[in-house]
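Counting starts at 1 for both ligands and their atoms, following the listed order. Nothing here was measured: the structure is a model prediction, and the numbers come from that model.
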Amino acid sequence: MSFRMVVLISGSGSNLQAILNACGQAATATAPVSIPGSVVGVLSNKADAYGLQRAQHAGIATAVLAHTDFADRIEFDAAMLKQIEAWQADVVVLAGFMRILSPGFVNALQGRLINIHPSLLPKYKGLHTHQRALDAGDRIHGCSVHFVTPELDGGPVIAQAVVDVRDHDSVETLAARVHAAEHRLYPTVLSWLAQQRLTLNAGLIYFDGQPLIAAQQLAT
Ligand code: GAR
């Protein structure tokens, strides 16, 4: 049975595009990584998210749920979960989805909800990660793919990609390099998930049946 991904976005969707390319769901693109699965639905909380056009261009079902139409976060998350279930997702992929998720939503998708974050977690959880890396004078920066837990940007890290910080970097030039790294890292991790090489059990990641000890777990 094929591996079914639902992707949640709020904006440009360049990571969504990289995933579509890797699934062979984009008309012309060739991709360095191949994911044995498909994106079956794209959900956005913003009607004008450019990623919706990317999905439609690839012939993929889309849904818009505006958080402003719901009484509270619990109701909004329940509506998202209903749509995700209707699409029969094996995995839910957060790709620039800029809403905080309720514990109920996260727990309902335990081990099946992953996120990409533009920093080397546990550094720089939250927003403005590139600016913060520049302000701190960091010489390296990057991105992390992690399983999502109720703690914001706090779930166990699966893999990271590192980029160098250059002397004359601006937020824009650094962000562009991190984005390029994201477009390689996310499809790679999703290909492992699609091949069932990665699992989450009692808060620990297993890769090919062996526990993967992430840097932050060693440090605690
Ligand atoms: C990506 O850089 C992703 O890491 C970040 O949003 C961007 C979305 O870009 N996500 C977060 O900051 C989540 N905390 P995209 O829409 O072009 O894929």
Side-chain angles (χ1 to χ4, degrees), residues 5-23 25-26 29 31-33 35 39 41-58 60 62-64 67 73 77 80 91-102 105-106 109 113-135 138 140-163 165 169-190 216:
M5 289 174 283
V6 165
V7 181
L8 270 52
I9 61 165
S10 300
S12 155
S14 69
N15 278 286
L16 166 67
Q17 188 67 57
I19 295 164
L20 292 173
N21 296 352
C23 291
Q25 289 178 286
V33 180
I35 303 173
V39 177
V42 173
L43 194 155
S44 173
N45 65 319
K46 303 252 186 208
D48 61 354
Y50 180 63
L52 289 169
Q53 290 184 43
R54 298 182 192 266
Q56 283 151 11
H57 193 67
I60 288 156
T62 59
V64 176
H67 54 269
R73 196 180 297 283
D77 285 4
M80 286 204 297
V91 163
V92 176
V93 179
L94 304 178
F97 185 70
M98 303 308 276
R99 296 283 306 164
I100 290 175
L101 298 163
S102 61
F105 180 91
V106 172
L109 293 169
L113 181 61
I114 64 169
N115 182 42
I116 192 158
H117 183 75
S119 76
L120 296 173
L121 289 171
K123 271 193 158 180
Y124 312 134
K125 297 175 180 180
L127 300 174
H128 311 301
T129 58
H130 311 304
Q131 185 66 62
R132 288 156 71 197
L134 288 174
D135 290 349
D138 291 354
I140 59 165
H141 184 45
C143 52
S144 308
V145 175
H146 64 97
F147 283 108
V148 178
T149 60
E151 188 200 339
L152 180 70
D153 299 327
V157 171
I158 301 166
Q160 297 181 313
V162 173
V163 305
V165 180
D169 262 333
S170 62
V171 165
E172 289 73 26
T173 57
L174 184 57
R177 220 171 307 118
V178 172
H179 250 121
E182 291 186 335
H183 299 161
R184 292 188 300 273
L185 183 68
Y186 220 178
T188 302
V189 171
L190 290 169
Q216 87 266 31

- Query: Between the side chain of Thr129 and the main-chain N/O of Ser119, is any donor-acceptor distance below 3.5 Å?
  - Reply: no

- Among Thr188, Ile19, Leu185, Val189, which one satisfies side-chain contact (heavy atoms from CB on, under 4.5 Å) with Val33? Thr188

- What does the list of residues with a heavy atom under 4.0 Å from ligand 1 look like, ordered by chain and number? Ser12, Gly13, Ser14, Asn15, Gly96, Met98, Ile116, His117, Pro118, His179, Glu182

- Task: For this output row, return yes or no: ring centroids of His146 and His117 closer than 6.0 angstrom.
- Result: no

- Query: With no hydrogens and no angle check, is any side-chain donor or acceptor of Gln25 less than 3.5 Å from a backbone partner on Val39?
  - Reply: yes

- Asp77 side chain to Phe105 backbone, donor-acceptor under 3.5 Å: no

- Query: From Asp48 CG over to Gln53 CD, what is the distance, rounded to the nearest 0.5 angstrom?
  - Reply: 9.5 Å

